[in-house]
Amino acid sequence: MSMNRHAGAATLALLAASLAAPVQAQGQRDFPVADAPVLADNFPVHAVPFPRGVSAWRDVIYQQLSGHIPQVLDIYVPREPGPHPLVLYIHGGGWQGGHTRHSGALANFPEVLAALAAEGFVVASLEYRLSADAQFPAQLQDAKAAIRFLAANAAQYRVDPARVGVWGGSAGGHLTALAALTCGDTALDPAAAGEPCVSAAVTWYGVFDFAQQAAGQPGSVDTAAERLLGCAGRCPADRYAFASPVTYIDAQDPAFLLIHGEEDRTVAIGQSRLAEQRLRAAGVPVEAIYIPHVDHSFIGRTPAETREATLRATNATFDFFHARLHRGGQ
């Protein structure tokens with residue numbers, strides 16, 4: 001025991017002496033210095049390879065707003081030089097959760113987006129401000145900012161800004177519909193003047209009419225929708241209408257594909273049926289697929305039903321974008 005105490009004391013003495021020794025000079029350090037504060041993110045960005053020659057850039061900053069973290073996109077680019085139609089994916093999660101790399105029961109959503117890119121589309125998937133961070137219409141403004149960013153950087157990402165599709169599910173379906181229906185609407189987005197207009201939209205179980213959605217929830221409510229709109233309990237009718245895609249439907253709107261499960265208990269199928277009715281009445285091209293026996297996110301009674309519904313919706317989505325965005329193009 002005595003030897004151990006003496007050894008410990010010697011070790012401490014050596015450590016104290018080393019800490020007291022002067023640090024050896026390393027020479028003058030030199031780094032690039034700009035003329036003003038630099039806010040750009042200069043961390044190295046490398047493309048991630050996916051099958052069939054697709055390259056993906058993750059966490060590309062499309063917008064930096066004061067008081068908010070930088071907002072980012074994943075961008076999947078085909079091997080061919082293009083320019084290619086653009087498809088922007090907007091995730092769900094009740095406007096209060098979710099992220100850019102998930103969708104329903106699809107087990108590897110980045111792989112799905114890369115597969116769409118391999119078929120000749122530039123595909124982008126964005127993060128937007130959630131309802132705890134900002135109220136509506138911030139989320140729509142973010143989606144439109146992402147489209148403008150991609151159009152402004154069309155040469156780098158091989159985008160054809162004249163052929164833009166949007167796609168989203170649930171809360172993302174709501175934002176998808178609004179992005180398609182409100183091109184140039186500066187009341188919703190002061191920066192919208194002169195922006196590229198959407199040519200095709202796909203919604204999976206999206207919200208189109210907040211008043212109808214609230215009417216299906218009897219009693220007092222404090223739901224994801226009311227938190228998005230900044231209401232304590234039910235919102236006034238004009239607030240619901242301001243955020244509802246059905247408010248903005250007119251004959252100039254792009255083609256829509258609506259897909260919804262008939263047993264959806266989160267967003268009632270009546271939301272898509274109402275949208276189909278209003279779009280047809282306005283003379284807008286619209287297709288609708290209503291899938292029996294499946295709930296929200298196309299979850300069926302069995303894994304086989306979930307798989308069948310999910311693949312049916314995904315294949316219909318790919319085919320719709322080919323028909324609407326590649327027609328007359330490359």
Side-chain angles (χ1 to χ4, degrees), residues 88-98 102-104 126 128-132 134-144 166-182 185 188-189 198 201-218 221-231 233-249 253-254 256-279 282 284 286-291 294-299 313 317:
L88 177 69
Y89 180 78
I90 307 176
H91 71 77
W95 307 279
Q96 60 190 349
H102 82 99
S103 182
L126 88 156
Y128 52 86
R129 285 172 287 173
L130 301 176
S131 58
Q135 292 176 6
F136 182 84
Q139 297 72 23
L140 174 63
Q141 293 168 0
D142 294 347
K144 287 172 167 277
V166 284
W167 166 25
S170 198
H174 162 253
L175 297 173
T176 288
L178 280 176
L181 296 170
T182 63
D185 189 332
L188 285 163
D189 182 0
V198 169
V202 178
T203 67
W204 289 6
Y205 35 84
V207 176
F208 283 87
D209 185 337
F210 280 112
Q212 183 188 79
Q213 180 81 351
Q217 300 164 333
V221 293
D222 179 21
T223 68
E226 281 67 36
R227 287 191 288 275
L228 172 74
L229 303 180
C231 305
R234 293 192 187 277
C235 295
D238 60 344
R239 186 65 179 160
Y240 282 138
F242 179 60
S244 293
V246 291
T247 301
Y248 303 95
I249 292 174
D253 294 330
F256 268 76
L257 171 62
L258 315 171
I259 311 181
H260 215 123
E262 291 185 354
E263 304 300 326
D264 197 319
R265 291 170 291 181
T266 301
V267 177
I269 192 172
Q271 292 285 312
S272 289
R273 293 196 189 278
L274 175 64
E276 181 187 9
Q277 175 189 344
R278 296 285 183 87
L279 289 164
V284 179
V286 57
E287 302 172 35
I289 299 173
Y290 303 116
I291 305 178
V294 298
D295 196 351
H296 204 62
S297 300
F298 303 133
I299 302 302
T317 298

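Keep in mind that what you see is a predicted model, and the values were worked out from it rather than measured.
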Point-to-point distance, once rounded to the nearest 0.5 Å, from [atom1] of [X] to [atom2] of [Y]:
X      : Y      : atom1 : atom2 : result
Glu276 : Phe256 : CD    : CZ    : 12.5 Å
Phe242 : Cys235 : CZ    : SG    : 12.0 Å
Asp253 : Leu181 : CG    : CG    : 4.5 Å
Ile249 : Ser244 : CD1   : OG    : 10.0 Å
His91  : Leu126 : NE2   : CG    : 6.5 Å
Thr203 : Leu175 : OG1   : CG    : 11.5 Å

Check your understanding: Any chance the rings of Tyr205 and Phe298 have centres within less than 6.0 Å?
Key ->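 Yes, they do, as the ring centres are separated by less than 6.0 Å.
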Report yes if the side chains of [X] and [Y] come closer than 4.5 Å at any heavy-atom pair, otherwise no.
X      : Y      : value
Arg273 : Tyr290 : yes
Arg129 : Gln141 : yes
Gln212 : Val246 : no

Tell me the closest heavy-atom pair linking [X] and [Y], and the distance in Å.
X      : Y      : answer
His296 : Ser170 : NE2-OG, 2.9 Å
Ser297 : Gly104 : CB-CA, 4.0 Å
Ala134 : Ala138 : CB-CB, 3.6 Å
Ala180 : Ala201 : CB-CB, 3.7 Å
Ala177 : Phe208 : CB-CE2, 3.5 Å
Gln96  : Ser131 : CB-OG, 3.5 Å

**Study point:** Residue list, ring pair (Phe, Tyr, Trp, His ring centres under 6.0 Å) with Tyr248, at least two apart or on another chain
**Key:**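 Checked Tyr248 against ring pair (Phe, Tyr, Trp, His ring centres under 6.0 Å); zero matches.
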Exercise for review: In sequence, state the C-alpha distance, the side-chain angles, and the governing distance for Val202 and Thr176, and then conclude on side chain to side chain contact (heavy atoms under 4.5 Å, CB included).
Suggested key: CA-CA 7 Å; Val202 178; Thr176 288; 5.9 Å; no
Check your understanding: side chain to side chain donor-acceptor pair (under 3.5 Å) with Gln135: which residues, sequence neighbours excluded?
Key ->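 Per chain and number, Gln135 pairs via side chain to side chain donor-acceptor pair (under 3.5 Å) with no residue.
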For [Y], does its backbone N or O pair with a side-chain atom of [X] as donor and acceptor, under 3.5 Å?
X      : Y      : answer
His260 : Val267 : yes
Tyr128 : Leu140 : no
Arg239 : Leu229 : yes
Asp295 : Arg265 : yes
Arg234 : Ala214 : yes
Lys144 : Thr182 : yes

Practice item. Using the side chain to side chain contact (heavy atoms under 4.5 Å, CB included) rule, take Gln271 and Phe210 through it: C-alpha gap first, then chi angles, then the decisive distance, then the call. Key: CA-CA 9 Å; Gln271 292 285 312; Phe210 280 112; over 6 Å; no
Point to revise | Flag for Thr317-Trp204: side-chain donor and acceptor within less than 3.5 Å | key: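 Their side chains do contain a donor-acceptor pair, which is all the 3.5 Å distance test asks for.
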**Study point:** Worked verdict on Ile90 versus Gln139 for side chain to side chain contact (heavy atoms under 4.5 Å, CB included)
**Key:** CA-CA 10 Å; Ile90 307 176; Gln139 297 72 23; over 6 Å; no
Check your understanding: What is the ring orientation for Phe136 with His174, classed by angle as parallel under 30°, tilted 30 to 60°, or perpendicular over 60°?
Key ->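 It falls in the tilted class, 30° to 60°.
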Point to revise | Steps toward side chain to side chain contact (heavy atoms under 4.5 Å, CB included) verdict (Leu258, Val286) | key: CA-CA 8 Å; Leu258 315 171; Val286 57; 3.9 Å; yes
